[in-house]
2 protein chains.
Amino acid sequence: MKQNSLSKAVLERLPVYLQYLRSLPANAPENISATTIANELGLGEVQVRKDLASVCNLGRPRIGYMVSCLINELEAVLGYNKINDTIIVGAGKLGKALLAYEGFKNYGFNMVSAFDIDESKTGLTETGKNIYPLSELKKRCKEMQIKIGVIAVPAEQAQSVCDLMVESGILAIWNFAPIHLNVPKNILVHNENMATSLVLLSSHLTEQLNERQS
Amino acid sequence: MKQNSLSKAVLERLPVYLQYLRSLPANAPENISATTIANELGLGEVQVRKDLASVCNLGRPRIGYMVSCLINELEAVLGYNKINDTIIVGAGKLGKALLAYEGFKNYGFNMVSAFDIDESKTGLTETGKNIYPLSELKKRCKEMQIKIGVIAVPAEQAQSVCDLMVESGILAIWNFAPIHLNVPKNILVHNENMATSLVLLSSHLTEQLNERQS
DNA sequence: ATTATATCGATAAAGATATACCGATATGCT
DNA sequence: AGCATATCGGTATATCTTTATCGATATAAT
């Protein structure tokens, strides 16, 4: 593990490698080459090698990388070993889906509980997690030292929820509301922008259909 | 509107501008400057100007851009006027949330119906949309000429669902399963990778906490 | 009318990211 | 043993993206 200042682009691909490596069957060969990974994931082999080199140098010519070591290194660099407790504000369909999703623990995240302004939603979910009134957010975040929050409320309420989160000591926000949030500069906002995702699909589609016509 | 080969980076920011412009109150000034947009969205003003220039050249010095025109141009370039009918495979929490979400129509998308291998889920949702057995996917896609599909099933089933979609004539796939999909090269897969999003949050957090210590 | 200012679009420079190339090395084959 | 081959890591090059700079222009103020 050597990690120093990984670029955003690399940081976004590393989890993909990790996911792929974890998905390999138990009886797969002990070692894997960058070439193989590249083919499987549809990337360039040089890029894979460069990305992996930014994490560790344990590839051997003609042999490749030892899968188990690579997984360990990636987990270490990505911080998947330390558990990050996270809360969700908004217990609608999306909020509940995120709260219930088991897969986050594979990434070192633990969705602790959700908060909603509608107090009738208060209580335990099917999966045994608590939904609390929004009024308790600050108190509970401080208590549990929560540093990560998810915003799953409609756009109109997103900024005020965001402000409340910042006040509660949250440092990183995963925002699902389709709106730009204003935050102090030490707070990170990552926008999960559906519009952005959809545009990529739609513009690909337009290209495809145009090509067929011409 | 001039659109020719917009870069991915630009394509990802355009919806953000559109979203922001639409959110302006009705009594806001008729024109807006790149400087203002940049400040509101936390971007560089030159970047905003360049991005907008890639769509149209209707900014006037000292005046700025006419909001309504800009919205029209952006909608045209992004293809938000043609409605893209879309189906979802997987009617679990996530699938249902996506099916119910009203906001997609703002982006020119219409979530038509969902499909699930579990036939007990078949029927109408609260919002009046149909859930069908997966076995009907191909027939219904062909009938309705669906070109876009959403994968909201567990990783293990994602590849087979994907194959089925391709067979059904779908050209663009929005994949929520944490796995790389193999597809023919004319099919676009956009991965909504939670791991990737989370990594960015988590690595920011690590940096923040390290800074405080030193 | 002249000057000051905000803002534009275009071009140039800088920075980030991806690709190509090459020498080194570990294995398998003759 | 010696050669062919797959694969690595590093350096160099090319491409893509962002940021800086500048002359032009439309309005407002003097």
Side-chain angles (χ1 to χ4, degrees), chain A residues 1-17 20-21 28-70 73-74 77 185 196 199-200 203, chain B residues 1-17 20-21 28-67 69-70 73-74 77 196 199-200 203-204 207:
Chain A
M1 166 166 178
K2 52 188 208 186
Q3 178 177 34
N4 25 344
S5 69
L6 298 178
S7 80
K8 198 188 152 197
V10 174
L11 222 37
E12 290 191 337
R13 278 191 302 271
L14 295 184
V16 179
Y17 299 131
Y20 169 67
L21 293 171
E30 207 176 28
N31 295 295
I32 192 167
S33 72
T35 319
T36 309
I37 298 177
N39 289 337
E40 288 291 320
L41 300 181
L43 301 169
E45 58 166 315
V46 182
Q47 186 166 63
V48 173
R49 232 177 267 127
K50 263 201 100 197
D51 287 347
L52 296 183
S54 73
V55 168
C56 63
N57 282 11
L58 36 76
R60 286 187 300 156
R62 184 70 205 240
I63 308 287
Y65 303 82
M66 195 170 161
V67 175
S68 58
C69 290
L70 211 42
E73 292 294 327
L74 283 168
V77 169
K185 69 174 186 307
T196 290
V199 159
L200 295 176
S203 84
Chain B
M1 166 169 177
K2 51 189 209 183
Q3 178 178 34
N4 26 345
S5 70
L6 299 176
S7 80
K8 198 187 150 192
V10 174
L11 223 37
E12 289 191 339
R13 277 189 303 270
L14 294 185
V16 179
Y17 300 130
Y20 169 67
L21 294 171
E30 206 176 28
N31 295 295
I32 192 166
S33 74
T35 318
T36 309
I37 299 178
N39 289 338
E40 287 292 321
L41 299 181
L43 301 170
E45 57 165 316
V46 182
Q47 185 165 65
V48 173
R49 237 179 262 127
K50 263 204 100 196
D51 287 346
L52 296 183
S54 72
V55 169
C56 62
N57 281 12
L58 35 76
R60 285 188 299 156
R62 185 70 205 240
I63 308 287
Y65 304 80
M66 193 171 163
V67 175
C69 289
L70 210 43
E73 291 295 327
L74 283 169
V77 169
T196 291
V199 160
L200 295 176
S203 83
H204 167 81
E207 273 173 38

Measure [atom1]/[X] against [atom2]/[N] and give the value in whole Å, please.
{"X": "B:R60", "N": "C:dA10", "atom1": "CZ", "atom2": "P", "result": "17 Å"}
{"X": "A:L58", "N": "C:dA26", "atom1": "CG", "atom2": "C1'", "result": "16 Å"}
{"X": "B:E30", "N": "D:dT27", "atom1": "CD", "atom2": "C1'", "result": "16 Å"}
{"X": "B:Y65", "N": "C:dA6", "atom1": "OH", "atom2": "C1'", "result": "13 Å"}
{"X": "B:L52", "N": "C:dA10", "atom1": "CG", "atom2": "P", "result": "13 Å"}
{"X": "B:N57", "N": "C:dT7", "atom1": "CG", "atom2": "C1'", "result": "14 Å"}
{"X": "A:L70", "N": "D:dC8", "atom1": "CG", "atom2": "C1'", "result": "13 Å"}
{"X": "B:K8", "N": "C:dA18", "atom1": "NZ", "atom2": "P", "result": "10 Å"}

Give each protein N/O atom lying under 3.5 Å from an N/O atom of nucleotides 18-23 of chain D, with the pair distance.
{"from": "D:dT18", "atom 1": "OP1", "to": "B:R13", "atom 2": "NH1", "distance (Å)": "2.8"}
{"from": "D:dT18", "atom 1": "OP2", "to": "B:R13", "atom 2": "NH1", "distance (Å)": "3.4"}
{"from": "D:dT18", "atom 1": "OP2", "to": "B:R13", "atom 2": "NH2", "distance (Å)": "2.9"}
{"from": "D:dT18", "atom 1": "O5'", "to": "B:Q47", "atom 2": "NE2", "distance (Å)": "3.2"}

(request) Measure from the side chain of A:P61, starting at C-beta and using heavy atoms only, and say which of C:dA24, C:dT17, D:dA26 lies closest. (result)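 Nearest to the side-chain atoms of A:P61, counting from C-beta on, is C:dA24.
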(request) Evaluate the criterion side chain to side chain contact (heavy atoms under 4.5 Å, CB included) for residue pair B:Q47 and B:D51; output intermediate values, then yes/no. (result) CA-CA 6 Å; B:Q47 185 165 65; B:D51 287 346; 3.8 Å; yes
(message) Go through it in stages, so that I can follow the logic: the residues are A:V77 and A:L6, the test is side chain to side chain contact (heavy atoms under 4.5 Å, CB included), and I'd like the CA-CA distance, side-chain angles, deciding distance and then a yes or no.
(response) CA-CA 10 Å; A:V77 169; A:L6 298 178; 3.6 Å; yes
(request) Examine distances only and state if a side-chain atom of A:S33 and a backbone atom of A:G64 form a donor-acceptor pair shorter than 3.5 Å. (result) no
(request) Give a yes or no answer on whether the side chain of B:T35 reaches the backbone of B:E45 with a donor-acceptor pair at less than 3.5 Å. (result)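 No; judged by distance alone, with no hydrogens or angles, the pair does not exist.
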For the atom pair [atom1] ([X]) and [atom2] ([Y]), what is the distance rounded to the nearest 0.5 Å?
{"X": "B:L58", "Y": "B:L52", "atom1": "CG", "atom2": "CG", "result": "9.0 Å"}
{"X": "B:I32", "Y": "B:E40", "atom1": "CD1", "atom2": "CD", "result": "7.5 Å"}
{"X": "A:L21", "Y": "A:M66", "atom1": "CG", "atom2": "CE", "result": "12.5 Å"}
{"X": "A:L70", "Y": "A:N31", "atom1": "CG", "atom2": "CG", "result": "10.0 Å"}
{"X": "A:Y65", "Y": "A:I37", "atom1": "OH", "atom2": "CD1", "result": "7.5 Å"}

Protein and nucleotides 28-30 of chain C: nitrogen or oxygen contacts under 3.5 angstrom:
none

(request) Before giving the answer on side chain to side chain contact (heavy atoms under 4.5 Å, CB included), spell out for A:R13 and A:L41 the whole-Å C-alpha distance, their side-chain angles and the decisive distance to 0.1 Å. (result) CA-CA 10 Å; A:R13 278 191 302 271; A:L41 300 181; over 6 Å; no
(message) Measuring to OP1 and OP2 of C:dA6, would you say a side-chain N or O of B:S33 lies under 4.0 angstrom away?
(response) no
(request) State, to the nearest 10°, the angle formed by the axis through the first five base pairs of the helix from C:dA1-D:dT30 to C:dT30-D:dA1 and the axis through its last five. (result) 0°
(request) Step by step, work out the side chain to side chain contact (heavy atoms under 4.5 Å, CB included) result for B:L14 and A:V199. (result) CA-CA 9 Å; B:L14 294 185; A:V199 159; over 6 Å; no
